[in-house]
*Asks:* 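Quick one: the structure is below, and I'll ask about it shortly.
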Amino acid sequence: MEPVRVLQVVGKMDRAGAETLLMNLYRNICRDRVQFDFLTHREGTGDYDQEIMFMGGKVYHLCPMTLKNAWPYWCQLNTFFREHPEYRVIHSHIDAMSTLPLAGAKQAGIPVRIAHSHNTSFPHDRRYPLRLVAQLLLPFQATHYFACSTQSAEFLFPSWIIRSGNFTVLPNAIPLEQFTYSPTNRQRKRNEMGIPEEAFVIGHVGRFCSQKNHEKLVRVFAEIHRRHAGSLLLLAGQGELQEKIVGLCEELKLGNTVRFLGIRSDIEQLMQAFDLFILPSFYEGFPVVGVEAQAADLPCLFSGQIKKDIALTVNVRFLPLRAPDTVWADNALELRRTVRKDRSEELAKQGFDIRRQAKRMEEFYQSVGGG
């Protein structure tokens, strides 16, 4: 019997939150029963493309979803669905802009059309008005509604869907065993990276974009470093604002105390090497990286803009973005004394074991797409 093929709609399969969740699910479902393919909207090869194809998936590319590409995009989308009548399930992860691929899927007669919310805000850029219109149209295109948290559902979906409870929360689960704190692994990774045992290592994983607020992070670190000379800031990721942040580090004379690590495939090991995780974002849905940090039992400092349900362990604090850098530094240095331990069972009970969630999604996809 052929597996149910599910078309996952994304921007590009790079190492970002929603994409990492999808890969975690993909690695853990039974691919004899459910197979993922991916419809992407950005140029170039994604970080995960090679692994997807190795596991039997396909990666398709459409032109970028922009106003000037509106008609070419719609034509490409319709052509795609005509050429691929095998799909009965489409699962879109591009928030409000899911309206367009789901509308194309509806026109093509695809019976199961899933809108998945991964955020609690939109960026206030030039596409903001377009996103608001798309958000209003989304309920008329989707048949099922998923979100990474109740707050994410409340943000993207209309109130009548929320009141009826007609949505599913899928926790941003991870392979807990890979992130579980290990003093041995911590020492090994720090040795590999040339980090002294006594160094206080602040870590961050995220794209260099306005949402992630790297400027606040660097300024807070500058205050930490002023008080604790043996501190380091490790930044994993890349993006359009990286050059600006490099310039800020030079302006603040931070020298080699800030390391730009680029795109990494060893995040679970980096989490071992960190002593503190800081996420000063302007908004988030339910950040996968926050789950990963807590699975490694890292003390975490989160922006007060992030919903409080991300606090899965006792070692999490939220601070207002308007709070002075000195206050953030005070809290960071207090959390430095945190004693870390194995939190895997604690997080598994809260629904963050990827094996359990993969089984749940496997059963769902089979039930809606099996015939």
*Asks:* Check this for me, if you would: do E240 and R207 make a salt bridge, where the nitrogen-to-carboxylate-oxygen distance has to be below 4.0 angstrom?
*Replies:*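 Here E240 pairs with R207 in a salt bridge, since their nearest N and O are under 4.0 Å apart.
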
*Asks:* Can you check whether V10's main-chain N or O pairs, donor with acceptor, with E19's side chain at less than 3.5 Å?
*Replies:*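 No.
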
*Asks:* Consider only side-chain N and O atoms of N24 and R27, and report whether a donor and an acceptor are under 3.5 Å apart.
*Replies:* yes

*Asks:* Would you say the side chains of Y145 and S117 form a donor-acceptor pair under 3.5 Å?
*Replies:* no

*Asks:* Identify the heavy atoms of L232 and N256 that sit nearest to each other, and give their distance.
*Replies:* CD2-O, 4.2 Å

*Asks:* Is it true that R264 and D47 have a side-chain N and a carboxylate O under 4.0 angstrom from each other?
*Replies:*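 Result for this pair is no, no salt bridge flagged.
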
*Asks:* Under a plain distance cut-off of 3.5 Å, with no hydrogens placed, do N315 and T313 share a side-chain donor-acceptor pair?
*Replies:* no

*Asks:* Testing the basics here: between Y181 and A296, what is the closest heavy-atom pair and its distance to 0.1 Å?
*Replies:*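 Smallest heavy-atom distance, with atoms named: CB-O, 3.4 Å.
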
*Asks:* Of all heavy-atom pairs between L22 and F36, which one has the smallest distance, and what is that distance?
*Replies:*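 Answer, listing the atom of L22 first, then F36: O-CE2, 4.0 Å.
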
*Asks:* R336 and H228: side-chain donor and acceptor closer than 3.5 Å?
*Replies:* yes

*Asks:* Would you please test T20 and Y48 for side-chain hydrogen bond (donor to acceptor under 3.5 Å, both in side chains) and show each step?
*Replies:* CA-CA 9 Å; T20 296; Y48 290 123; 3.1 Å; yes

*Asks:* Does CD belonging to Q50 count more than 12 external heavy atoms closer than 6.0 Å?
*Replies:*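 Open.
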
*Asks:* Fit a plane to each ring of H118 and H93, take the angle between them on a 0 to 90° scale, and name the class: parallel (under 30°), tilted (30 to 60°) or perpendicular (over 60°).
*Replies:* tilted

*Asks:* If you take all heavy atoms of T257 and H225, which pair is closest and at what distance?
*Replies:*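 Where T257 meets H225 most closely, the heavy atoms are CG2-NE2, 3.3 Å.
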
*Asks:* Using a strict threshold of under 4.0 Å (side-chain N to carboxylate O), is an ion pair present between D125 and R131?
*Replies:* yes

*Asks:* Under the side chain to side chain contact (heavy atoms under 4.5 Å, CB included) criterion, do I354 and I174 qualify, and how do the steps go?
*Replies:* CA-CA 5 Å; I354 191 61; I174 64 171; 5.5 Å; no

*Asks:* Does K12 have more than 12 heavy atoms from other residues, nucleotides or ligands lying within 6.0 Å of its NZ?
*Replies:* yes

*Asks:* Where do R5 and E86 land on the salt bridge (charged side-chain N to carboxylate O under 4.0 Å, His left out) test, with the steps shown first?
*Replies:* CA-CA 8 Å; R5 297 200 81 94; E86 66 269 25; 5.8 Å; no

*Asks:* In this structure, which one of R343, R340, R186 forms a salt bridge (Lys or Arg N to Asp or Glu O under 4.0 Å) with D297?
*Replies:*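 Exactly one candidate clears the test, R343.
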
*Asks:* Hey, does the side chain of Y87 reach the backbone of D37 with a donor-acceptor pair shorter than 3.5 angstrom?
*Replies:*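 No: the side chain of Y87 does not pair with the backbone of D37.
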
*Asks:* Can you tell if the side chain of L276 reaches within under 4.5 Å of the side chain of L298, non-hydrogen atoms only?
*Replies:*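 The answer is no, as the side chains (C-beta and beyond) never meet within the 4.5 Å cut-off.
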
*Asks:* Is there side-chain contact between L233 and C249, with heavy atoms separated by less than 4.5 Å?
*Replies:*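 No, too far: nothing below the 4.5 Å cut-off.
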
*Asks:* Side-chain contact test, heavy atoms from C-beta onward, threshold under 4.5 Å: evaluate it for F260 versus I245 and give yes or no.
*Replies:* yes

*Asks:* Can you tell me how far CG of L176 sits from CD of Q294, rounded to the nearest 0.5 angstrom?
*Replies:* 11.5 Å

*Asks:* Using 4.0 Å as the upper bound for N to carboxylate O, is an ion pair formed by D353 and R355?
*Replies:*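 Salt bridge between R355 and D353, a charged N being under 4.0 Å from a carboxylate O: yes.
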
*Asks:* Given E215 and K244, is the side chain to side chain contact (heavy atoms under 4.5 Å, CB included) satisfied, shown in steps?
*Replies:* CA-CA 9 Å; E215 182 173 344; K244 177 182 177 181; 4.1 Å; yes

*Asks:* Taking the six-membered ring for Trp and the full ring for Phe, Tyr or His, determine whether the centres of Y60 and F80 are under 6.0 Å apart.
*Replies:* yes

*Asks:* From T40 OG1 over to Q8 CD, what is the distance, rounded to the nearest 0.5 angstrom?
*Replies:*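 The CD atom of Q8 is 13.0 Å from OG1 of T40, to the nearest 0.5 Å.
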
*Asks:* Please report whether the ring centroid of F274 lies less than 6.0 Å from that of H204.
*Replies:*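 That pair fails the under 6.0 Å test.
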
*Asks:* Minimum heavy-atom separation for Q35 and M55, please, with both atom names.
*Replies:* NE2-O, 3.4 Å

*Asks:* Against F146, only a single residue in Y365, F167, F286, F364 fulfils ring-ring contact (aromatic ring centres under 6.0 Å, His included); can you say which?
*Replies:*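 Only one option passes, and that is F364.
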
*Asks:* Could you tell me whether F122 and F155 have their ring centroids closer than 6.0 angstrom?
*Replies:*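 Ring-ring flag for F122/F155: true, centres closer than 6.0 Å.
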
*Asks:* Side chains of F302 and P287, heavy atoms from C-beta outward: is any pair under 4.5 Å?
*Replies:* no

*Asks:* So does C75 get a backbone contact from the side chain of N78, meaning a donor-acceptor N/O pair under 3.5 Å?
*Replies:*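 No, the answer is negative, given that no donor and acceptor are paired below the 3.5 Å cut-off.
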
*Asks:* Taking 4.0 angstrom as the limit, do E284 and K212 come out as a salt bridge?
*Replies:*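 The answer is yes: the pair qualifies as a salt bridge.
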
*Asks:* Would you please test M65 and I94 for side chain to side chain contact (heavy atoms under 4.5 Å, CB included) and show each step?
*Replies:* CA-CA 11 Å; M65 194 185 293; I94 52 177; 3.6 Å; yes

*Asks:* Assess whether side chain to side chain contact (heavy atoms under 4.5 Å, CB included) is satisfied between V6 and V34, documenting all intermediate values.
*Replies:* CA-CA 7 Å; V6 179; V34 177; 4.0 Å; yes

*Asks:* Can you tell me how far OG of S149 sits from CD1 of I310, rounded to the nearest 0.5 angstrom?
*Replies:* 9.0 Å

*Asks:* Where the side chain of W328 meets the backbone of P320, is there a donor-acceptor pair that is under 3.5 Å apart?
*Replies:* yes

*Asks:* If you count heavy atoms of other groups shown closer than 6.0 angstrom to CD of E43, is the number above 12?
*Replies:* no

*Asks:* When rounded to the nearest 0.5 angstrom, what distance separates CG in L301 from CD1 in I202?
*Replies:*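 Taking CG in L301 and CD1 in I202, the distance rounds to 9.5 Å.
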
*Asks:* What is the distance from atom CG of L7 to atom NZ of K58, rounded to the nearest 0.5 Å?
*Replies:* 11.0 Å

*Asks:* Run the salt-bridge test on D330 and R227 with the 4.0 Å N-O cut-off and return the result as yes or no.
*Replies:*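 Salt bridge flag = yes for R227 with D330.
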
*Asks:* Going by the side-chain contact (heavy atoms from CB on, under 4.5 Å) test, name the single residue among N191, N185, T184 that passes it with Q187.
*Replies:*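 The option that passes is N191.
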
*Asks:* Measuring only between side-chain heavy atoms, which start at C-beta, is L138 closer than 4.5 Å to F157?
*Replies:*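 Result yes, sub-4.5 Å side-chain heavy-atom pair found.
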
*Asks:* Kindly check if the number of other-residue, nucleotide or ligand heavy atoms within 6.0 Å of CH2 (W71) is above 12?
*Replies:*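 No, not enclosed.
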
*Asks:* Which heavy atom in N119 sits nearest to a heavy atom in S152, and how many Å separate them?
*Replies:*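 Of all heavy-atom pairs spanning N119 and S152, the closest is O-OG, 3.3 Å.
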
*Asks:* Flag the pair F318 / V316 as yes when at least one side-chain heavy-atom distance between them is below 4.5 Å, and no otherwise.
*Replies:*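 Heavy-atom side-chain distance check passes, below 4.5 Å.
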
*Asks:* Would you say R317 and N331 are linked by a side-chain donor-acceptor pair, where the criterion is simply a distance under 3.5 Å?
*Replies:*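 The criterion, which ignores hydrogens and geometry beyond distance, is satisfied for R317 and N331.
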
*Asks:* Test K189 against D266 for salt bridge (charged side-chain N to carboxylate O under 4.0 Å, His left out), laying out the working first.
*Replies:* CA-CA 10 Å; K189 191 62 178 177; D266 60 345; 2.7 Å; yes

*Asks:* Could you tell me whether D325 and R219 make a salt bridge, using a distance below 4.0 angstrom between a side-chain N and a carboxylate O?
*Replies:*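 Looking at R219 together with D325, the answer is no, because their closest N to O distance does not fall below 4.0 Å.
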
*Asks:* Does the side chain of L279 reach to within under 4.5 Å of the side chain of N213, using non-hydrogen atoms?
*Replies:*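 Of all side-chain heavy-atom pairs linking N213 with L279, none is under 4.5 Å.
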
*Asks:* Assess whether atom NZ of K308 is packed by more than 12 heavy atoms of other residues, nucleotides or ligands within 6.0 Å.
*Replies:* yes

*Asks:* Any chance you could measure Q141, atom CD, to S92, atom OG, to the nearest 0.5 Å?
*Replies:*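 Reported to 0.5 Å precision, the distance equals 11.5 Å.
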
*Asks:* Are side-chain heavy atoms of L130 and M97 found at a separation under 4.5 Å?
*Replies:*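 A side-chain contact under 4.5 Å exists here.
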
*Asks:* Does R259 reach the main-chain N or O of L234 with its side chain, forming a donor-acceptor pair under 3.5 Å?
*Replies:*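 No; zero donor-acceptor contacts below 3.5 Å.
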
